[in-house]
K.L.:
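Take a look at this one; I'll ask things after.
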Amino acid sequence: MEQSTCADQFQEQVVEKYSEMVYRLAFSQLRSKTDPDDVYQEVFFRYFRRQPSFQSEEHRKAWLLRVTMNCCKKLWASSWRRKIVFWEEGEETFSFPDPEVNELREQLLRLPSSYRAVVHLFYFEDMSVEEVAQILGRKPSTVRTQLTRARRLLHKYFDED
């Protein structure tokens with residue numbers, strides 16, 4: 001019984017430590033309030049069901065980010081999602097207290113999905129280009145190119161507004 005309680009406490013600590021990271025990445029990819037909730041639940045369900053062992057906390061973090069990206073891709077590819085039109089006027093959104101943060105979020109959401117993932121992992125999760133490449137299954141040179149293109153697009157978006 002004690003072993004189960006210790007394992008439960010450890011699982012709670014993992015969720016507490018990584019929950020915001022998983023949700024932020026899912027939100028940055030899916031652009032709604034409800035879909036990231038589904039991805040969040042799926043990621044931690046997989047974590048608890050598989051109970052993987054990790055070499056380090058960085059390895060655990062990378063695994064959670066990779067599973068989050070895979071769950072987002074799976075959701076985008078679902079036949080249900082392809083039949084529903086999202087991201088139209090009146091979409092569900094939420095606001096941050098700081099108007100500058102809201103504007104940045106809006107501009108980031110305009111980026112193509114592959115650029116949003118790279119920008120999110122690099123800037124918001126403080127990952128290196130090599131770590132981002134590994135998580136996304138891309139070459140580091142591809143990640144650097146996508147970061148450069150994303151920055152250009154963001155400059156363009158801000159200049160338009």
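FYI, the numbering just counts along the sequence from 1.
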K.L.:
Salt-bridged, Glu42 to Lys74, with N to O below 4.0 Å?
P.N.:
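Here Glu42 does not pair with Lys74 in a salt bridge, since their nearest N and O are not under 4.0 Å apart.
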K.L.:
For the atom pair OH (Tyr157) and CD (Gln107), what is the distance rounded to the nearest 0.5 Å?
P.N.:
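So the gap between those two atoms works out to 8.0 Å.
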K.L.:
Between Pro140 and Val129, which heavy-atom pair has the shortest distance, and what is it?
P.N.:
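Heavy-atom minimum between the residues: O-CG1, 3.5 Å.
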K.L.:
Quick one: OG1 on Thr145 to CZ on Arg138, what's the gap to the nearest 0.5 Å?
P.N.:
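Those atoms lie 11.5 Å apart.
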K.L.:
Could you measure the distance from the CG atom of Leu30 to the OG atom of Ser113? Nearest 0.5 Å is fine.
P.N.:
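Reported value, rounded in 0.5 Å steps: 8.0 Å.
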K.L.:
Identify the heavy atoms of Phe122 and Ser128 that sit nearest to each other, and give their distance.
P.N.:
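Closest approach of Phe122 to Ser128: CD1-C, 4.4 Å.
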K.L.:
For a quick test of reading the model, state the closest non-hydrogen atom pair linking Arg66 to Gly137 and the distance between them.
P.N.:
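In this case the closest contact between Arg66 and Gly137 is NH1-N, 4.1 Å.
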K.L.:
Taking all atoms of both residues into account, what is the closest heavy-atom pair of Tyr123 and Leu147, and its distance?
P.N.:
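The answer is CE1-CD2, 4.1 Å.
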K.L.:
For the CD atom on Gln134, are there more than 12 heavy atoms of other groups (residues, nucleotides or ligands in this structure) within a distance under 6.0 Å?
P.N.:
no
K.L.:
Any donor-acceptor pair under 3.5 Å linking the side chain of Arg60 with the backbone of Phe54?
P.N.:
no
K.L.:
Identify the two heavy atoms, one from Pro112 and one from Leu153, that lie closest to each other, and give their separation to 0.1 Å.
P.N.:
CD-CD1, 3.9 Å
K.L.:
Using the rule that two of Ile, Leu, Val, Met, Phe, Trp, Tyr join whenever any of their side-chain heavy atoms come within less than 4.5 Å, decide whether Met69 and Phe45 are in one cluster.
P.N.:
no
K.L.:
When rounded to the nearest 0.5 angstrom, what distance separates CG in Leu136 from CE in Met127?
P.N.:
8.5 Å
K.L.:
For the CD atom on Glu20, are there more than 12 heavy atoms of other groups (residues, nucleotides or ligands in this structure) within a distance under 6.0 Å?
P.N.:
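Result for CD/Glu20: open.
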K.L.:
Nearest 0.5 Å please: distance from the CZ atom of Arg110 over to the CZ atom of Arg116.
P.N.:
12.5 Å
K.L.:
Does the side chain of Leu64 reach to within under 4.5 Å of the side chain of Phe44, using non-hydrogen atoms?
P.N.:
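A side-chain contact under 4.5 Å exists here.
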K.L.:
Rounded at 0.5 Å granularity, tell me how far CD in Gln11 sits from OH in Tyr47.
P.N.:
7.0 Å
K.L.:
Just by modelled atom types, is the Glu125 backbone N or O under 3.5 Å from a matching donor or acceptor in the Lys61 side chain?
P.N.:
yes
K.L.:
Quick one: sort the Phe27 and Tyr23 rings into parallel, tilted or perpendicular, breaks at 30° and 60°.
P.N.:
parallel
K.L.:
Is the number of heavy atoms from other residues, nucleotides or ligands within 6.0 Å of CZ (Arg149) greater than 12?
P.N.:
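At most 12 heavy atoms, drawn from other residues, nucleotides or ligands, come within 6.0 Å of this atom.
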K.L.:
Looking only at non-hydrogen atoms, find the nearest pair between Leu111 and Ala150 and report the distance.
P.N.:
CD2-O, 3.9 Å
